[in-house]
Amino acid sequence: MILDNFQRKLRRESQLWRDEGLISASQYQQIADRYQFNNLEAAARDRSMMTAVMIGSILLTLGIITFVAANWLGWSRDVKFIIMMSLFMATTITGFYTWRQAAIGIPEGKKLKRSQRLLGEGLLILGAMVFGATIALMADVFNINGSTPELFFAWGFGVLVMAYCLSLNSLGILGIVLIQIGYWTGLGDLRYSANEWNWAILVIKHMPLLSWVLFVPLAYFCRSRWIFAIAAFIFASSLQLNLDPLPLSNLAETAPWVASFAFTLPPALFWSYDDLLFPTINYRLFQSLARDLSLIAFGLAFYVLSFRWLWQTSSYNFSSSTSNINIFGYRPIIDLGILSGLVVLQWLFLVRQRNKPIRREAIFNLPLIVTFLGFTAVVPFWHQAINPIDDLGVFAFNVLFTVLAWGLIREGLKFNDRRSFWGGMLLLTLQVISRMLEYDTELLLKSLVFVMCGSALISAGLWFERRVGSNSKSSGNAKSS
């Protein structure tokens, strides 16, 4: 639709240019051939037809569902099973062939029918929804006892298989969302059901490993940066929730290494990630994104650990005899071992590739990243296992947070990167405001801090934009000369 509007505006403007003599008739014809002005009406006709088909399909589906609901109680169990499976198979097969016919037009030199592809993809998504309804209804018909997490896990894994087979982003994201619904609905039962042999509990317990093993390859199948970013977020968040590292109190139910793994493993895995580790991949598709996610993970860890109340503990008696009660019951120890081995493998590969640095290493080089990881791993462990260092720990992570923000600002200035510059400025502002709100300060001081932060942001933003504009003009003049 947006492309058609652009083509229509371009056709109208180019006709005006031709009539005014700005371009010749041959030049107008070249523009018309390039942007396919002659196909605009046909595209509008196809779009109208597909819209009618989509609306009719939705109404037809609603009619079928209403008919099934009206006669559901009067049908036998076998009839219910046949109807639901037939509805699922008919929707999925129709959607697949509709989507496939639109996609086959590419190697044959035909124009891709976008509306037909969207219709097929919509039917496939509808089939995935019908698949979930079929699972729930069949469990009720055959009196199969199951929990809500089991339903969403079975549903999500089924949709994930469809996404792998068809390499569709929409199905992949839908499958991930369904699996996450199952994870969040069953997360509260993890500690209390850790010793039960329930496959849903095992999925929840090993979600960090499963999210990395299942979702990251799907990102390559679909060539989707969104799926890779979602997989990284789910991995990092589920790791924090399953390890439960906060607060940094050395009590009987907390092991001293938990916080070190929780805050160190995600940035270490993201920064050392390299697409070339996959045997069948010979290009770097997600490495730059992974390193950006590593800096985000560092920023979140430094910010959280910069609060004083997380380091203040009421007891420092670590009892090894009582610490084994819940530590190994619900925490993903196997996941930590496998992921730590993967991190070691990636870092060894990274060291071997040091002769091919990427752009990010201009500021955030390997020694600085290793320093970040070292402090993140050692300081919480020292505080919990050896000697409490409340004030020193707070000071260390405030300094690390400042260094990270200043590094982003330096990178933004060096490469004229607005995202890095404004990210660093916002981190510095967030740190100042957080420290001001955390400690007991008067309203006058708080007002002064807000005014100073706002003035600094405005001044720095105006100066940076003028600097970027002057650099762009100078580079443009150099090219023209």
Side-chain angles (χ1 to χ4, degrees), residues 54 58 61-62 65 84 87-88 91-92 95-96 99 117-139 146-190 198-242 266 269-270 285-286 289-290 292-293 296-297 300 332 335:
M54 290 180 65
I58 293 174
T61 304
L62 290 176
I65 293 175
M84 293 304 301
L87 180 61
F88 167 68
T91 306
T92 305
F96 172 75
W99 170 81
R117 181 180 62 84
L118 291 177
L119 175 61
E121 190 170 345
L123 289 175
L124 288 171
I125 295 175
L126 180 61
M129 303 301 292
V130 173
F131 174 68
T134 303
I135 294 177
L137 292 174
M138 290 304 101
S147 60
T148 301
E150 290 176 333
L151 168 63
F152 281 99
F153 282 146
W155 187 3
F157 285 129
V159 175
L160 208 65
V161 172
M162 296 174 61
Y164 268 103
C165 295
L166 301 177
S167 300
L168 281 178
N169 294 342
S170 56
L171 288 177
I173 294 176
L174 177 61
I176 293 173
V177 169
L178 293 172
I179 293 174
Q180 283 305 291
I181 293 176
Y183 172 76
W184 283 96
T185 54
L187 184 62
D189 300 331
L190 180 60
N198 187 308
W199 72 274
I201 295 298
L202 290 178
V203 171
I204 297 172
K205 180 178 179 180
H206 299 290
M207 182 55 66
L209 180 61
L210 290 176
S211 62
W212 196 256
V213 172
L214 295 180
F215 301 159
V216 171
L218 180 62
Y220 285 96
F221 274 79
C222 300
R223 299 182 64 86
S224 173
R225 293 170 62 88
W226 277 104
I227 293 180
F228 184 88
I230 293 172
F233 171 77
I234 293 174
F235 157 72
S237 60
S238 61
L239 185 68
Q240 308 304 316
L241 293 172
N242 288 8
L269 184 64
F270 297 156
L285 185 60
F286 302 124
L289 174 60
D292 290 338
L293 294 173
I296 294 175
L300 292 174
D335 301 36

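If you read the sequence from its start, that first residue is 1, and numbering goes on from there.
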Mind running side chain to side chain contact (heavy atoms under 4.5 Å, CB included) on Trp99 and Leu123 for me, showing each step along the way?
-> CA-CA 9 Å; Trp99 170 81; Leu123 289 175; over 6 Å; no
Which is it for Ile296 and Phe270 under the side chain to side chain contact (heavy atoms under 4.5 Å, CB included) test, yes or no, and what are the steps along the way?
-> CA-CA 10 Å; Ile296 294 175; Phe270 297 156; over 6 Å; no
Closest heavy-atom contact between Leu124 and Leu171?
-> O-CD2, 4.1 Å
Kindly give the heavy-atom pair with the smallest separation between Cys222 and Asn169, and that separation in Å.
-> CB-OD1, 2.8 Å
Could you label the plane-to-plane angle of the Phe221 and Tyr164 rings as parallel, tilted or perpendicular, counting under 30° as parallel and over 60° as perpendicular?
-> perpendicular
Over 60° means perpendicular and under 30° means parallel, so classify the ring planes of Trp155 and Phe152, tilted if in between.
-> parallel
Side-chain donor-acceptor pairs of residues 225-232 under 3.5 Å, sequence neighbours excluded:
none

Quick one: are [X] and [Y] in side-chain contact, heavy atoms under 4.5 Å?
X      : Y      : result
Trp199 : Val203 : yes
Trp212 : Leu269 : yes
Leu174 : Met129 : yes

Gap separating the [atom1] atom of [X] from the [atom2] atom of [Y], nearest 0.5 angstrom:
X      : Y      : atom1 : atom2 : answer
Asp335 : Leu239 : CG    : CG    : 8.0 Å
Leu241 : Ile234 : CG    : CD1   : 11.5 Å
Phe96  : Met162 : CZ    : CE    : 10.5 Å
Lys205 : Leu210 : NZ    : CG    : 12.0 Å
Ser170 : Ile173 : OG    : CD1   : 7.5 Å
Leu293 : Phe235 : CG    : CZ    : 11.5 Å

Donor-acceptor contacts under 3.5 Å from residues 176-187 side chains, at least two apart:
from   : atom 1 : to     : atom 2 : distance (Å)
Tyr183 : OH     : Asn242 : OD1    : 2.8
Thr185 : OG1    : Ile181 : O      : 2.8
Thr185 : OG1    : Gly182 : O      : 3.0

